[in-house]
Trainee: 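Below is the structure I would like to discuss, written out as C-alpha cells.
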Amino acid sequence: MNLLAHFALADGDPGWLLGALLGDHVKGPLRGAWEARTEQGIRLHRRIDAYIDHHAGRRATLHAMPAPLRRYGGILLDIHDDYLLTRHWPRFHSGSLSALNARVCGLLDAAQDELPASARRHARAVTDHQLLLAFADWTAVAGSVERVALRLRQAGLGEAGTHWLNAQHDALEQRFLAYYPDLITLAAEQKHAFEVK
C-alpha cells in the first residue's frame with residue numbers, strides 16, 4: 001500500500017503513525033533502536049505490505065498488466081489505491097482526511113531530528129506538498145507516476161502507467177473496495193495484539 005493507506009491504517013497512536021513512514025526506510029530486524037510503539041508501527045507497515053503483496057485480487061491485477069508495466073505494477077497500484085482511498089474515505093474512516101493530514105504533518109515536523117536521512121526527505125515531501133490530501137486529484141496521481149518513472153529512469157513508464165491506470169479505473173476500484181476492508185481488519189487485529197503484549 002502507499003503512504004495514505006499506511007497512515008490511515010495506523011492512525012490512533014503517534015508511534016504507529018511514525019512507524020507507518022519508517023516502514024519504507026528501516027530495513028532488517030527490529031531490536032529496540034526505536035521506541036516500542038514506533039517499532040510496532042513498522043511491524044504493522046510490514047504486515048500490511050506482506051498481506052497486500054499476497055492478496056489474490058492484487059496478484060491477478062498485476063498478472064493482467066501489460067508486460068512492460070508489470071515490473072513496476074505494485075508501485076502503480078499503490079499510488080492508485082491512495083487515489084481510490086481519498087474518493088471513498090468516508091466509507092472506511094470516521095475522522096476526516098484533513099484531520100489525519102494535520103496529525104501526520106505535526107508529528108513528522110516534530111520528529112525530523114530523529115529520522116534517518118531518507119525518511120527525513122520523505123517526511124518533508126509529505127508536509128511541504130500536503131501529499132495525503134493531494135491524491136484526491138488525478139493530476140497528482142499522474143505526477144507521482146511520472147516522478148517514479150524519472151527516479152527509476154524508465155522513459156515512457158509515466159505516460160503508459162497513467163494511461164493503463166485510467167483505462168482500468170473501474171476494475172481497480174472494485175478490487176480496492178473488496179480488499180481494503182480486509183486491511184482494516186488486519187490492522188485492527190495487529191493493534192489489538194500489540195496492546196495485549
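Computed from a predicted model, the values in this text were never measured in an experiment. Hydrogens, waters and symmetry mates are skipped; everything else that's a heavy atom, side chains included, is used.
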Trainee: Checking side-chain polar atoms at under 3.5 Å, does N2 have a donor or acceptor matched by the opposite partner on H80?
Mentor: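 The criterion, which ignores hydrogens and geometry beyond distance, is not satisfied for H80 and N2.
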Trainee: With a 6.0 Å cut-off (strictly less than), is the heavy-atom count around NE2 of H163, excluding the residue itself, greater than 12?
Mentor: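 No, not enclosed.
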Trainee: Under 3.5 Å, is there a donor-acceptor pair between the side chain of E39 and the main chain of G32?
Mentor: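 Indeed, once roles are kept as given, a pair shorter than 3.5 Å links the two residues.
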Trainee: Do NZ/NE/NH1/NH2 and the carboxylate oxygens of R58 and D78 come within less than 4.0 Å?
Mentor: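 Yes, R58 and D78 are salt-bridged.
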Trainee: Is a donor on one side and an acceptor on the other found under 3.5 Å between the side chain of T61 and the backbone of G57?
Mentor: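 Checked: pair present.
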Trainee: Distance from R87 atom CZ to W138 atom CH2, nearest 0.5 Å?
Mentor: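 One gets 9.5 Å once the value is rounded to the nearest 0.5 Å.
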Trainee: L152, L62: one ILVMFWY side-chain cluster at the under-4.5 Å cut-off?
Mentor: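 Shared cluster, yes.
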Trainee: Hey, what's the ring geometry for F194 with W16, parallel, tilted or perpendicular (30° and 60° as the breaks)?
Mentor: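 Answer is tilted, since the angle falls between 30° and 60°.
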Trainee: Is the shortest side-chain N to carboxylate O distance from R124 to D109 below 4.0 Å?
Mentor: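 Yes, this pair counts.
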Trainee: For S144 and F135, work out which heavy atoms get closest and say how close.
Mentor: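 S144 and F135 have their closest heavy atoms at OG-CZ, 3.8 Å.
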Trainee: State, to 0.1 Å, how close H25 and S118 come at their nearest heavy-atom pair, and which atoms those are.
Mentor: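 Nearest pair, atom of H25 first, then S118: ND1-OG, 2.9 Å.
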Trainee: Report yes if some heavy atom in the side chain of K191 is under 4.5 Å from a heavy atom in the side chain of D13; otherwise report no.
Mentor: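 K191 vs D13: side chains apart.
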Trainee: Give a yes or no on whether Q130 atom CD has more than 12 heavy-atom contacts from other residues, nucleotides or ligands under 6.0 Å away.
Mentor: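 More than 12 within 6.0 Å, yes.
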